[in-house]
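This report refers to the structure that appears directly beneath it.
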Amino acid sequence: MEFLNELNESQRKAVEYIDGASLVIAGAGSGKTRVLTYKIAYLLKKGIHPTSILALTFTNKAAREMKERIASMVGEKTARYLWMGTFHSVFSRILRAEADKTDFSKNFSIYDSSDSNSLIKSIIKDLKLDEKQYKASQVHARISFAKNNLITPETYRTNADLAKADLYSKMPRLVDIYEIYSQRCKQADAMDFDDLLLQTNLLFRNRPDVLQKYRDAFSYILVDEYQDTNFAQYLIVRKLSEEHQRICVVGDDAQSIYSFRGANIDNILKFRNSYTNTQVFKLEQNYRSTQNIVNAANSLIDKNSEQIRKTVFSEKETGKPIKILNTFTDLEEGVVVAENINHLKFSQNFSYKEIAILYRTNSQSRVLEEALRKKGIPYRIYGGLSFYQRKEIKDVIAYCRLVVNHNDEEALKRIINVPARGIGDTTVAKLLDCARTQAVSVWDVLNDMLAYNLQVNAGTATKLANFRKVISVFAAQTETLNAYELMLQIVKVSGIINDTYVDKSPEAMSRQENVQELLKAVHEFCEQKTKAGETALLTDFLSEVSLLTDQDTGDDGESEKITMMTVHAAKGLEFRAVFIVGMEEDLFPSAYSLDSDRSLEEERRLFYVAITRAEELCFISYSKTRFRNGKTNMSNPSRFIRDIDPQYLDAPSERPETRWKESADWDEDFEFERKSFQRDSFKPRPVENTYVQPRKNLTKVGDAHLQTSKQIIENKNLPVGAFVKHAVFGIGKVLETTVTDGNEKAEIDFGEKGKKSLLLKFAKLELL
DNA sequence: CTTAGTAGGCTTTTT
DNA sequence: GCCTACTAAG
């Protein structure tokens, strides 16, 4: 196995140890993924069948990339059969396969957090509790915490500590909400994210035969990012592996940054207690960063008390010290960062795609965007509102969910009046009430409004019946049409698109495009599945789509744009140059983390993650003032900057003009400065080199559309046979043009991407 | 029932 | 500053 020669001593030892439990502590940039992939390849070469290897990751992206790398080593035919994916996707698959042994059907819906929150909100209303006292998101966090720790409503009720905590946080009836929430989820045949782990645990607990089946099936188990596992995940892994002990977990306690999601750093710190005879392997050589960056990061993390001690070192060049940038305002911070980026680009031989700006909170991206745009620096923002969370996408998905699972109440509530069909809040409330009092689903009521004695007038009853009919017609086709064909039907017939056709606003155009994009994704999904000989029904698509995040839709990474994202999102990535912005008290570390040492240490680890993303250059910036939540606040440099050994820093003495002013005229000066920045921002932007990911505020996207629309074809007659270029589909040939309702439509052959029928006023075609 | 407009609330990170 | 939830008018 000559590929083992590509590993260093400790990596190779970690790969070759396959006889028992092992813990691989992998420092930042030490080739963690490499060990994991080589180990799987090693197992395969040793003759272990791919179907008996279970490899769990935290993102779909990580799973996909690892699978690709393994495929290149052992061949696609073998790699295809590996059980590799996120905890959530692997166990949702198992839960569907074993549905007859659970309280759910095999087509259960998956509630995302907004579905959960909306359900919780309605329960709080039903219980006539004060919505300010019981905030849905907080209640959800409590329920999520309980589920992650495998506390069911019944056990919750018997737990005095929890009762005390709830009383203390003024939510004594939390357990009642939790109980009803669980019932309603069951009634709707829906699981939330946490259920996927909880229900798996319940299944394994209640059905030893099922547990045994999977114990036997998975003869080797590997877990990536083990420091981010929560109790539910820990227990699943443990149950599956405790018999044969062939388990390998990989992680870095110094990069544990997801405790807010229930991750428990003790899982990795105490792994050795759970598996006696654990072999520990430490990967300490960092291949990513210069010595300066590694040393600076080490000196920072050294300030944490809870950690597995290790000596991460680099044998790369010494490199440059971390440069500290300080400015007076957050706007200026953006400008300075932009200037430095251009310096790197034009005098230091950096390309934009090698540069990243990292921040603590998504809201910081706004000012930075503005500064970059002014300088004409192309960028791509990751995070924020993901594709699958956009309203129009969620609407289409909700239709699909309801078609597949009629009991999916959140989906039903979402679209029963989308587009407006005269079924208002009052009617919906009546429906819900009726369903609730008779302990049936809303769909049951719709099916027999008379039997359930639904009190609505004849007109409303007809509207409801029509709605039911529409969904039923779709449902009748779930087995005959594939996901794409059915979703196309749904989009066309339901009328979701119609109102956006009429509406010519930029927002509507953007929505239209997003739906097209979704259809395209489904189309690709179907082609892939069909090629692999698997079914491509709507249920198949839905079971995957609910677990996708925008990280997975994220494109090439090849385009010449700088990357902007939160530090959390940057974990696992690397860039030649990294700018960490907003290093100020109350922002980074976040004000929320200050009440406990544990959470403060997590913030420090987060900063550690940020620094260790950098290969060559790292910049840290902070500002004296920052505009936040509609107000300007003064801020002090983050304590974490002082945690870094100054010998690795290049910190200039403060520029006089940015020094904190305490005189009475400070406010005026400040206002002046802000306005002067804002005035500039209204200049036209170089749209062609900036890509703005559609986000919460769609007006910016709209602007971009308006400006690009000059060079594209609008409602003009397009010659048949002409060649055109589309932003997504590429170059195509016009086959036919038609006019419907005054809108010109063209049938265009995009070769490999297939034939598409596009509305010219939306398609942004460029005539070639 | 729908829409538009406004007041009030809230703002960490996300599989 | 943004989003939501409520209110008033069509």
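Proteins come first, then strands; the chains are lettered A, B, ... in the order of their sequence lines, and each starts at number 1.
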What is the distance from CG of N60(A) to P of dT15(B), rounded to the nearest Å? 9 Å
Going by salt bridge (charged side-chain N to carboxylate O under 4.0 Å, His left out), name the residues that satisfy it together with R421(A), two or more places apart in sequence or in a different chain. none
If only side-chain N and O atoms of T426(A) are considered, is one of them under 4.0 Å from the OP1 or OP2 phosphate oxygen of dC1(B)? yes
In whole Å, I'd like the distance from the OH atom of Y382(A) to the P atom of dT15(B). 14 Å
Does S113(A) reach a base, just sugar-phosphate, or nothing at all? Heavy atoms under 4.0 Å. nothing
Could you give the CZ-to-C1' distance, from F145(A) to dT14(B), as a whole number of Å? 18 Å
Protein and nucleotides 10-13 of chain B: nitrogen or oxygen contacts under 3.5 angstrom:
| from | atom 1 | to | atom 2 | distance (Å) |
| --- | --- | --- | --- | --- |
| dT11(B) | O3' | Y592(A) | OH | 3.0 |
| dT11(B) | O2 | N629(A) | OD1 | 3.1 |
| dT11(B) | N3 | N629(A) | OD1 | 3.0 |
| dT12(B) | O2 | R360(A) | NH1 | 2.9 |
| dT12(B) | O2 | R360(A) | NH2 | 2.4 |
| dT13(B) | OP1 | N362(A) | N | 3.1 |
| dT13(B) | OP1 | N362(A) | ND2 | 3.4 |
| dT13(B) | O4' | R360(A) | NH2 | 3.2 |
| dT13(B) | O2 | R360(A) | NH2 | 2.7 |
| dT13(B) | O2 | H568(A) | NE2 | 3.4 |

From the set dG1(C), dT15(B), dC1(B), return the single nucleotide nearest to any side-chain atom of F627(A). dG1(C)
Do we get R261(A) above Y258(A)'s six-membered ring, with its NZ or CZ under 6.0 Å from the centre and within 45° of the axis? yes
For F91(A), check ring-ring contact (aromatic ring centres under 6.0 Å, His included) against everything at least two apart and list the hits. none
K61(A) NZ - dT14(B) P separation (whole Å): 13 Å
Taken to the nearest whole Å, OH/Y226(A) to C1'/dT15(B) is 17 Å
Could you pull out all residues at least two apart from F108(A) that satisfy ring-ring contact (aromatic ring centres under 6.0 Å, His included)? none
Sequence neighbours excluded, which residues qualify as ring-ring contact (aromatic ring centres under 6.0 Å, His included) partners of Y134(A)? none
Answer yes or no: does a side-chain N or O of R366(A) lie under 4.0 Å from OP1 or OP2 of dC2(C)? yes
List the residues meeting salt bridge (charged side-chain N to carboxylate O under 4.0 Å, His left out) with E410(A), not counting sequence neighbours, and say none if there are none. K413(A)
Could you tell me the separation between the CE atom of M565(A) and the P atom of dT14(B), rounded to a whole number of Å? 10 Å
Identify, with sequence neighbours excluded, every residue that meets ring-ring contact (aromatic ring centres under 6.0 Å, His included) alongside F525(A). F541(A)
Below 3.5 Å between N/O atoms, which protein atoms pair up with nucleotides 5-8 of chain C? Just atom names and distances, please.
| from | atom 1 | to | atom 2 | distance (Å) |
| --- | --- | --- | --- | --- |
| dA5(C) | OP1 | K121(A) | NZ | 2.5 |

The salt bridge (charged side-chain N to carboxylate O under 4.0 Å, His left out) partners of E68(A) (sequence neighbours excluded) come to none
Under 4.0 Å between any heavy atoms, over every strand shown, what does N417(A) touch: base, sugar-phosphate, or nothing? Just pick one. sugar-phosphate
Could you give the distance separating dA5(C) and dT12(B) at their C1' atoms, to the nearest angstrom? 24 Å
Under 3.5 Å, side chain of R605(A) to main-chain N/O of S256(A), donor-acceptor pair present? yes
